[in-house]
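The structure under discussion appears below in the form of structure tokens.
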Protein chains: 2
Amino acid sequence: MATIKDVANKANLSVATVSRYLNNHPYISEEKKKRIKAAMKELDYTPSSIATQLRSKKGTMIGILVSRITNPFFSYLVDAIEKEAKKNHYNVLIMQTYDDKKAEINTLELLKQHVIAGLIMCSVEGDPQMIASYQEFGPIVLCNERVSGADIPTVVTDQKKAVYNAISYLATKGYQKIAYCTGGTLTSEGHGRNRTEGFEQAVLEKNLTVRKNWIFRQVHTSQDGMKVADDLLQLPKVERPEAIFTNSDEVAMGIMEQMLQKGFQLPHDLAIIGFDNQPSTSLLRVPLTTIAQPVAALGMESTKLLLAKIENNSYEVDQAQLKLTLVKRKSA
Amino acid sequence: MATIKDVANKANLSVATVSRYLNNHPYISEEKKKRIKAAMKELDYTPSSIATQLRSKKGTMIGILVSRITNPFFSYLVDAIEKEAKKNHYNVLIMQTYDDKKAEINTLELLKQHVIAGLIMCSVEGDPQMIASYQEFGPIVLCNERVSGADIPTVVTDQKKAVYNAISYLATKGYQKIAYCTGGTLTSEGHGRNRTEGFEQAVLEKNLTVRKNWIFRQVHTSQDGMKVADDLLQLPKVERPEAIFTNSDEVAMGIMEQMLQKGFQLPHDLAIIGFDNQPSTSLLRVPLTTIAQPVAALGMESTKLLLAKIENNSYEVDQAQLKLTLVKRKSA
DNA sequence: GTGAAAGCGCTAACAT
DNA sequence: ATGTTAGCGCTTTCAC
């Protein structure tokens, strides 16, 4: 591999001049520019990003942390982030936590190790304080996650309002008995909590009925959804809800599959609302009513914010882009 | 940020000893190990990955190139690769081409710039020779892609056989008139070509009927699929095929959606076979018969092969893991 | 405008 | 077993 030194030799110039050329410094005579360009072409020279970073202390890579990339919400997020990052000449390092705190810490350590110049966290497991402390090593932006008790820049939507609207919609449609699924524990932080607040508010205002055994916690996968359906069907007919709000399309699809399997009619026997508007939810046997998140905007705004921080600029997140919408289809 | 020098000073040792400790060299007295460990903890020291890489010439990051991460096939691939890479203490840089040659070259350049130590290409656009030439800067592995005219390590499945089996299955079921979708141009290289060979072989052997206007090229999205359905429905009833083989579930879903929309019965009016076995294809209004690819194994084997090359070991790909299977459901 | 030279943080001979 | 030293490829004063 050719180095800057080789280029300098071939062009009969000092490495300093070549370096200046590389960084388009002003005041290099046109004639030498040509010589440098020629030498570079001839040697097929490319600067070593590693060396540049060591010397200049400027990274060229940002990290993105998700729980699992196979979740379409996250893959669309990564897509948006990668596009915006590339546009600004940053590369993207991807890390998955699989809900494991250790993996999250490993990712934060990459900041300390100068592997990444900044980090977008689309998933948060650990203690906010501890996460915040890593900002010493590079900017961190929380994307679609919020924490309390620590000061970390955040890009979020109003999930409380969205769920409130969804539940109100159910009420309008005449559904009175509502079941609820959450990925969290119901009391924990994060968007789980926000959604639950929206749910509770709607239940109160619209005078809806909820029972303890209509509340499901820690459900994430379609497997979990099928389990939820089973649990519901265990109940005597009169004690079953008329509708269920789920925290993800996957869960909704699991419930739906199980119900249809057992011969029930949807939404007649159970109305279902999903969350995410994943591709193909429109193609299900019973097209799914679901809440669409502004994924592309979330990714884009997060990236813009992070890059601004890396480059010591300020950036105001455009909240207008960050609206959730209820996509009304057959299932509710 | 503390450096190795700071640690050495604090521990009253030379940087060399500390460096040895970092690389668990043999023969360091236990007593000094303690001192070093203590100093590191006190200073909250983490080695700079950048400096290590510059000096040791050993990268710690591999690149993975896909056309679009939002395609579930690729996100599952990335998932598998990330897991296997992490297990071996490599990080994963992700790049999307969006079918753009330029983006592919940019990715290859990362190899030259020492940003990545190796590259897994799950998508190939450019000239094989040109791609192969980048192997000078680091190993490249083709995952689920094959090229001719250049020598690049490859991890692939037998797509020809899988398609042959799928078409034969259609024949067995009594379908005689078969339409065909490909993402390529029909004559181009890659798995498109292999699948087409399987298709052609089955058509010949089983004496099936194919017409020119039942062949669709360059179809990729569900949008394209809907267009295919429209084209088919333009045809007089007697000139329509009884079944269609598609190159992806997305295309299959597009066709399905459009057909159902227009009031047709599936598979009665048209049998459909997809490709990929994407999650949720089992949950469609008409559950999709499709070919499942061994995604996890593809990712894992590719990664093992690449890492072996990076570390100058040899690795024999386990072909037994790389079998395609026809998942039989309702649509065909 | 251009060059000489000092390092960025680390590793790896070569000594001892 | 441990220290000394010379760089890895690049950027950036400081001279001229």
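Labels below follow one simple rule: chain letters A, B, ... track the order of the sequence lines, proteins then strands, and each chain is numbered from 1. Here the structure is a predicted model, which is why all the values come from computation and not from measurement.
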Rounded interatomic separation in angstrom, taking CD1 from Ile36(A) and C1' from dG1(C): 11 Å
Leu54(B), nearest nucleotide to its side chain (from dC8(D), dT11(C), dT11(D)): dC8(D)
Pairing of Asp127(A) and Lys101(A) as salt bridge, 4.0 angstrom limit: no
Side-chain N or O of Lys5(A) closer than 4.0 Å to phosphate OP1/OP2 of dC10(D): no
Selected nucleotide, minimal atom distance to Arg20(A) side chain, candidates dT2(C), dG9(D), dG3(D): dT2(C)
Separation of dC10(C) C1' from Asp6(B) CG (nearest whole Å): 13 Å
Side chain proximity check, Glu31(A) to Lys34(A), heavy atoms < 4.5 angstrom: no
Sugar-phosphate, base or nothing in reach of Leu13(A), heavy atoms under 4.0 Å: sugar-phosphate
Distance below 4.0 Å between Ser29(B) side-chain N/O and dT2(D) OP1 or OP2: yes
Which residue lies more 5' along DNA chain C, comparing Ile28(A) with Thr52(B) via nearest heavy atoms: Ile28(A)
Atom pair CD/OG1 of Glu145(A) and Thr154(A) - distance to nearest 0.5 Å: 9.5 Å
Whole angstrom value for the distance that separates C1' of dT2(D) from CD of Glu31(B): 12 Å
Between dC14(C) (P) and His25(B) (NE2): distance, integer Å: 14 Å
Nearest-angstrom distance from the residue atom CZ of Phe137(B) to C1' of dG9(D): 16 Å
Minimum-distance nucleotide (side-chain atoms of Ser19(B) versus dG9(C), dG7(C), dT11(C)): dT11(C)
Separation of dT11(D) C1' from Gln53(A) CD (nearest whole Å): 13 Å
Under 4.0 angstrom between Tyr21(A) side-chain N/O and dT11(D) OP1 or OP2: no
Contact under 4.0 Å: Lys57(B) side-chain N or O vs dG9(D) OP1/OP2: yes
Flag, side chain of Asp100(B) to backbone of Thr97(B), donor-acceptor distance under 3.5 Å: no
Asn23(B) CG - dA1(D) C1' separation (whole Å): 16 Å
Chi angles and distances behind the salt bridge (Lys or Arg N to Asp or Glu O under 4.0 Å) call for Glu30(A), Lys33(A): CA-CA 5 Å; Glu30(A) 280 305 322; Lys33(A) 278 190 190 170; 3.5 Å; yes
Nucleotide nearest Ile4(B) (side chain, heavy atoms from C-beta), chosen from dT2(D), dA5(C), dT11(C): dT11(C)
Proximal nucleotide (of dC10(C), dG9(D), dG3(C)) relative to the Thr17(A) side chain: dG3(C)
Residue closer to the 5' end of DNA chain D, Ser14(B) versus Val15(A) (nearest nucleotide): Ser14(B)
Rounded interatomic separation in angstrom, taking CG from Asn9(B) and P from dG9(C): 13 Å
